[in-house]
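Shown next, in structure tokens, is the structure this report addresses.
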Amino acid sequence: MFVQDTLLNRLKRGCETMAYPKGAAPALPDRHGGALRVDAARCDAKCGACVTVCPTEAIARPAGKPVALDLGRCIFCAECVTVCPTKAITRTGDHRMAVRRREDLVLGDASKEQVRLAQALDEKLRRLFGRSLRLRQVSAAGCNACEADTNVLGTIGWDLGRFGIQFVASPRHADGLLITGPVSKNMELALKKTYAAVPDPKIVIAVGACAIAGGPFIGHPQHHNGTSALLPVDLYIPGCPPHPLTILDGLLRLLGRLDEPTGIR
Amino acid sequence: MKRDTPFTLLTNGSALSWSDVPEWPLTEFLGNVGAELDRGERLSGLFGVPEGDALRIVAVLAFDAGNTLAVGRSQPFSGSFPALTATHAQAHLFEREIWEQHGVVPENHPWLKPVRKDHGAGPAVGDFFRVDGSEIHEVAVGPVHAGIIEPGHFRFQCAGEEVLHLEIALGFQHRGIEEAVTGGPHRATVYQMETVAGDTTIAHTTAYANALEALAGTEAPLRAQWLRAIALELERLANHTGDLGALAGDVAFLPTASACGKIRGDFLNLTALLCGNRFGRGLVRPGGCPLDCDAERLSQLRKRLETALAEVQQAAAWLWDAASVRTRFEHTGHLHAKQAAEIGLVGPAARACGLVRDVRFDHPTGWHRFAQVPVSVWPDGDVFARARVRWLEIQRSGDFLREQLDAVPEGETMAPLPALAPNSLAVALVEGWRGEVCHVALTGVDGTLRRYKITDPSFHNWTGLALALRNQAISDFPLCNKSFNLSYCGFDL
Amino acid sequence: MMESSAILLTFTLWVYVAGMAGALLFQRAERLANAVGFGLAALGGACGVVFSVSSLAAGQGMTITPVTLWSGPIPGVRFVVEADALSCFFVLVVSLVGLAISVFSLGYVRTYYGRKNVGVMACVFNALLLVTTLVFIAGNLWMFLIAWELMALLAYGMVSFEHEDRETRQAGVLFFIMSHLDAACVLLGFLVLAQAAGGFSFASFRGIGASLSPQQRDVAFVLFVFGFGIKAGIVPLHIWLPVAHPVAPSNISALMSGVLIKTGIYGLVRVCFEFLGPPPMWWGASLLAVGTVSAVLGVLYALMEHDLKRLLAYHSIENIGIILMGLGASLMFLHTGHAVLASLALIAGLYHTINHATFKALLFLGAGAVLHATHTRNMEEMGGLAKRMRWTALFFLVGAVAISALPPLNGFVSEWLTYQSLLHGFGTTTSLVRLMFPLGGAMLALTGALAAACFVKAFGITFLAQPRSDHARDAHEASLPMLIGQGVLTAACVFLGLFPTVFLKLLDPITLQLTGHQLSQQLTMANGLVLSGVAAQGGTVSTLGIMLMFGCLLPVPLALWAVFARKARTRIAPTWDCGQRALTPHMEYTATGFSKPLRMIFKALFRPRREVQREYDFSPYFATTLRFESHMEEVFLTRIYRPVNYGLLRLSRRLRALQAGSLQAYLIYIFVTLVALLLFAL
């Protein structure tokens, strides 16, 4: 009879929620690769292999300037890693990638070999949202992978609720929006209305390469190439899709709930 | 089974020269298609190929009983064409799509409305069907839905709590994939194929790879085909587990809902074990699979698979045991086999109505030519049947995976892809977890893709949901919607 | 009667007469006729209220003396007036409601200017108030029956006021027929009494039941229940009520529902408690049963209505049922000898009478204001009126809360008293009849819940959300007299709810006269703040206390608002609509849709039929039109009235054979009759 069975099962299994952030983060799949790192010093001035191979034109090598890899456009296909002869672009295996400012995602300059991770919200918003953040998720033409990996944060392994973060049904109940997808023209009105329906103060989180810069569909006329065209964004989480750990890390960083300092490991 | 048909036959995952595709004048062409549909065959694709200012319509039919596909095309025409939908309901969305993409009008189409286009302020504009009567009210839901889910608009006509008619308006996620592929394959094309429907990456990318390999006149190495089949079943396992959990959640049966939520993540991590990405991005490419898996990795996969399968077995057992769950599932969202056949339903939704149709069985390609997965069928056509079919498929996929992981073929996994043959047509069908994924590729004179048609299984099945809701209580809508679990973005492209 | 109150009563009656005359006199000058006619009616109502309250308050000092109004040339025909406590109570009812309606009418009849004769309406209105008052104060059979008949005729006239409409004419005819049926039954009943009393005065009827044989008493009882029951609108004699009340002008509907059906209650109380003597158990039990059935069926049918006035009419049936439950319980207690409980039940019934009069009239006036503004009675075409008719919405809301018996308003008080009497009933007797008490209590609870559901629907669909039609969109607030009229009744509801202990004192003389007990002392505790049930286990409730509690709690949110709202910015934004283009009124719940689940639950009673028509050109999957209709079977009409009608017609067809048309046959009839009479005389 399922009643006894489920109770016994629960008792046997105990608590299945991961210890992170109080413990170590769960390991990323070994082939995942995590964030990319650009060591511009190793670049050969005449080489442009990574530029031609990148499907979303995320890498630029303007004349006289070092290589610039825009992690916001990156879909983490790792073609550039494979093709680079000097190993200037490498995979770090680090899950932490969330940033507050769009320019922080552009790697390549001397001090920007790796991502400058997100600072927490300012004092006022942290007091409001730090212990209770209600988000309204809007899928503005997302392919359902970012949505699925956001959804999984609500399951018992990740348990987003223990941080006071919850996804709500109505924007009226929300403190901010979590947007996935490149923001198609067909969703423009709905997104604007949803944003308008959220009471102030509000935050906007863009999850996934599509929401930041259009993802694999970058340049198509059917959409706006990401959220920034329409709304001010407070947090960018790159990935295609970002691993749930990356999303969680980004959210916690935004709320100032992580103990470790931001920056390079 | 050999029989007479004017169409040219071809197998799944093969190509033929464009000039070998038989052509007829428009009315004769439509008549031939209609005749085949009358014989009980299925329409896998009906789309337009522009020829200068005129248009040709190409039809891809699936002769399930004969285990073969059939293609044919019309001569170029312009202006309008007599609608096939008037006599065969399964063509309705295809013809609306032709109208929208190419501007030719299907005459006497009983439901000529846009499919994906925006009208200045998003789709779901224009007159929705209204039921007459003083006690009727409308319920309009979407595009932004209450949970973390893709956008779509549902317009119910209700008499009190009973739904008399449901109209579904999609197109909110139109990203213009088919248009972008034209002239390709471009750098970004394979990545766009992976994200046509982000949770069906393996199926769509495999279909794309098969189509391109057929055009190049080659096949992926056997080990790659084997790996693709493994990944396809893992994708099926993950999504069916998630669906069972979501269905349990909708009837407030939390033990299974919370257990399956976690187990789905475990299955996704199995795919990530193979390629690093939980959805299988980067696993399949035209020419094979770029990442090989050594014996160590495969044995780890096998071990973790067993654990996950045992857990989902237990979670589902609780679900079937609970009388409250069965009360909600049974006789809800009912579809008859006849309706399912007439509207051309595919996938678990069709198999749950008793129709035996599965691409792995009817049109085997790749590894499925060597190893069979039994078709999971349940006759009732209600939510319970659809849940039950998913459960059977979980078990059968599990068995298939165990069997295959015990007999690993040797060899390479990746071979360079030769150039694509010019002026050729290739068709590739894959049984994704929602149903039949159909990719049709047509190359031009220079070997680039002149026209690429993607048909996600949701394209066939959204009509099924609209029918299943008739005369149901509106409070059962989330349950019915979950039991179909269709892709909004796969439809919208 | 004391001198001053007699003068007051006479003055009241003459004011009505003056109103009649004045209205007719000035009928060509509409505004003057309106002002004079309804103004004088209001004055008369006010005087009537003063008269009745002062008489009841005087209480024990009241002596009952019949006064002969007029005795003309015909021997034996005299009109006697006698205003005892019961009469004064009902005069209070008619006057209070009449006052409010008159004020309302000052504004309401403006819609008839130029179309219909307002003077005639005002005249008939005054006449109605006059004859209804006469019914209540009638002291002998002549006065009573003449006034009764006049009331029926005048009411018929008013129901058919807008006789251009076929539906109205048919309603009027049905009302006319049923009124005469009830007059006939009442007359027969009184004749049984008169035959034993030897005269026609009510004074001689008191206690006459003792001199009748049990069979005669039973026959009289049944006749009275039929007669007064038709008037009151009990099930199954109610079919005229939901037909006639909606088609009358709204101020008349308010008068009919609020007052005219109470004449039936008055008649039953007068007859059962005073004239017919000690009741056997089955009288009370049958009244309790009939009351319960009326209450439940009334509210169930009300739930299914989407015509606002018909909905209110069915609620009248429900509330009459509740009143009868109190009266029936009272009779049962009289039989078992529990006079105190009998008083309690009687008080509950009478309190509910005045409560129903006030809140039903209030609701009808509200419906009248809505009808005036939107020109439709169909709730499916209304909506969004709360923003356009704020005061009317507020008054209607108070009426809705009152009729749903929610504290702290008056409906709650009278139903609480009814529950008290029913709860105590179980212990009063050992026979199986005692099961009726808890059963009645349970059914009363069911009606309370269904009534609340019904008014959520009525208020919600009519006033809330967006307007569903252009009429509703263009609605405007009612005029000042209409608002004042509603306000008077709202104030009455609030007063009757918050100060029951004060009002109960007025009911003392009635119970003293009818059952021999005065209960207001026993029912009051804590210096009048708390209402208490009669026995130890009865419990107590204080509506005033509840109100004070609300009042004490209210500053808390207000304070929070004052502190925090200053710093917050307010932004007004449209309702969340899932990101669509726009919400349309078609997306709002319909009245029929709201009640559909209940219709399904009570399928056996309603026997709903649905009809779906689907038209398609090519394929059934793509319909071109889809039409949906549902109907309910009118159970009483088809299963009781029609068979009775057909039976009667068949019988008459048989009897037609007697009218052969031949002279010889008729001569033989005369001969046979003559012979029979002669034999009989011998």
Side-chain angles (χ1 to χ4, degrees), chain A residues 1-2 5-6 9-10 16 29-33 52-56 75-78 136-152 154-157 167 169-171 181-182 184-190 193-194 210 215-218 220-223 240-241 243-244, chain B residues 116-118 121-123 142-151 171-177 179-180 186-192 194-199 201 242 255 258-259 261-262 264-265 268-269 272-279 281-282 291 314 317-319 321-322 487-489 492:
Chain A
M1 185 46 195
F2 74 87
D5 217 25
T6 51
N9 184 275
R10 274 296 120 216
E16 295 195 80
D30 65 307
R31 283 182 162 167
H32 187 274
T52 43
V53 86
C54 178
T56 55
I75 57 173
F76 297 85
C77 62
R136 169 66 246 189
Q137 198 275 332
V138 179
S139 172
C143 72
N144 208 26
C146 291
E147 286 83 346
D149 271 350
T150 309
N151 224 338
V152 83
T155 59
I156 54 181
F167 285 96
S170 166
S184 59
K185 298 232 164 85
N186 287 355
M187 269 303 278
E188 183 182 334
L189 178 69
K193 277 191 143 186
T194 314
C210 290
F217 313 103
I218 195 164
H220 290 197
Q222 286 87 358
H223 60 77
C240 187
H243 194 273
Chain B
R116 305 177 181 113
K117 275 294 172 276
D118 134 10
V144 180
H145 294 297
I148 302 179
I149 195 174
E150 305 165 81
F172 292 92
Q173 289 171 290
H174 183 57
R175 295 151 293 170
I177 298 181
E179 293 96 311
H186 304 293
R187 255 191 288 176
T189 301
V190 72
Y191 302 98
Q192 292 175 357
E194 285 183 326
T195 52
V196 166
D199 49 16
T201 301
S258 60
K262 176 181 173 295
R264 177 184 187 206
L268 289 177
N269 284 335
L273 181 62
L274 293 180
C275 67
N277 185 292
R278 283 150 61 94
F279 295 91
R281 312 271 161 93
L291 294 164
Q314 185 170 61
W318 298 332
L319 187 67
D321 201 19
S487 175
Y488 301 71
C489 56
D492 291 343

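Every chain is numbered from 1 and lettered A, B, ... according to where its sequence line falls, protein lines coming before strand lines.
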Query raised in the report: Please walk me through it: do B:Gln192 and A:His220 pass side-chain contact (heavy atoms from CB on, under 4.5 Å)?
Result: CA-CA 11 Å; B:Gln192 292 175 357; A:His220 290 197; 3.1 Å; yes
Requested in this report: Report the C-alpha distance between A:Asn9 and B:Trp318 in whole Å, list the side-chain angles of each, state the deciding distance to 0.1 Å, and finish with yes or no for side-chain contact (heavy atoms from CB on, under 4.5 Å).
Outcome: CA-CA 11 Å; A:Asn9 184 275; B:Trp318 298 332; 3.6 Å; yes
Report task. Start with the C-alpha gap between A:Cys143 and B:Glu194, add the side-chain angles, then the distance that decides, and say whether side-chain contact (heavy atoms from CB on, under 4.5 Å) holds. Result -> CA-CA 9 Å; A:Cys143 72; B:Glu194 285 183 326; over 6 Å; no
Region of [X] in contact with chain B, defined by heavy-atom distances below 4.5 Å:
X: A:Thr155; value: side chain
X: A:Pro241; value: both
X: A:Glu188; value: neither
X: A:Asn151; value: both
X: A:Phe167; value: side chain
X: A:Cys240; value: both

Query raised in the report: Quick one: of B:Thr201, B:Leu274, B:Asp492, who has the most non-hydrogen atom pairs under 4.5 Å with chain A?
Result: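 Looking at each of B:Thr201, B:Leu274, B:Asp492 in turn, B:Leu274 comes out on top.
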Report task. Mind ranking B:His174, B:Lys262, B:Arg278 by heavy-atom pairs under 4.5 Å with chain A and telling me who comes out on top? Result ->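 It is B:Arg278.
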Query raised in the report: Is it the side chain or the backbone of B:Glu179 that comes within 4.5 Å of chain A heavy atoms, both, or neither?
Result: side chain
Query raised in the report: What part of B:Phe279 lies closer than 4.5 angstrom to a heavy atom of chain A: side chain, backbone, both or neither?
Result: side chain
Query raised in the report: Could you give the distance from OH (B:Tyr191) to OG1 (A:Thr56), rounded to the nearest 0.5 Å?
Result: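 Rounded to the nearest 0.5 Å, the OH-OG1 separation comes out at 9.0 Å.
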Donor-acceptor pair, [X] side chain versus [Y] backbone, under 3.5 Å?
X: B:Arg281; Y: A:Cys77; answer: no
X: B:Arg175; Y: A:Ser184; answer: no
X: A:Asn144; Y: B:Asp199; answer: no

Query - Top contributor to chain B interface from A:Ala148, A:Pro216, A:Pro29, A:Ala140 [non-hydrogen pairs under 4.5 Å] - result: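 Of A:Ala148, A:Pro216, A:Pro29, A:Ala140, A:Pro216 has the most heavy-atom pairs under 4.5 Å with chain B.
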Report summary line: Residues at least two apart in sequence or cross-chain that pass ring pair (Phe, Tyr, Trp, His ring centres under 6.0 Å) with A:His32, listed by chain then number, are A:His243
Report task. Could you please spell out the steps behind the side-chain contact (heavy atoms from CB on, under 4.5 Å) verdict for A:Arg136 and B:Val144? Result -> CA-CA 10 Å; A:Arg136 169 66 246 189; B:Val144 180; 3.7 Å; yes
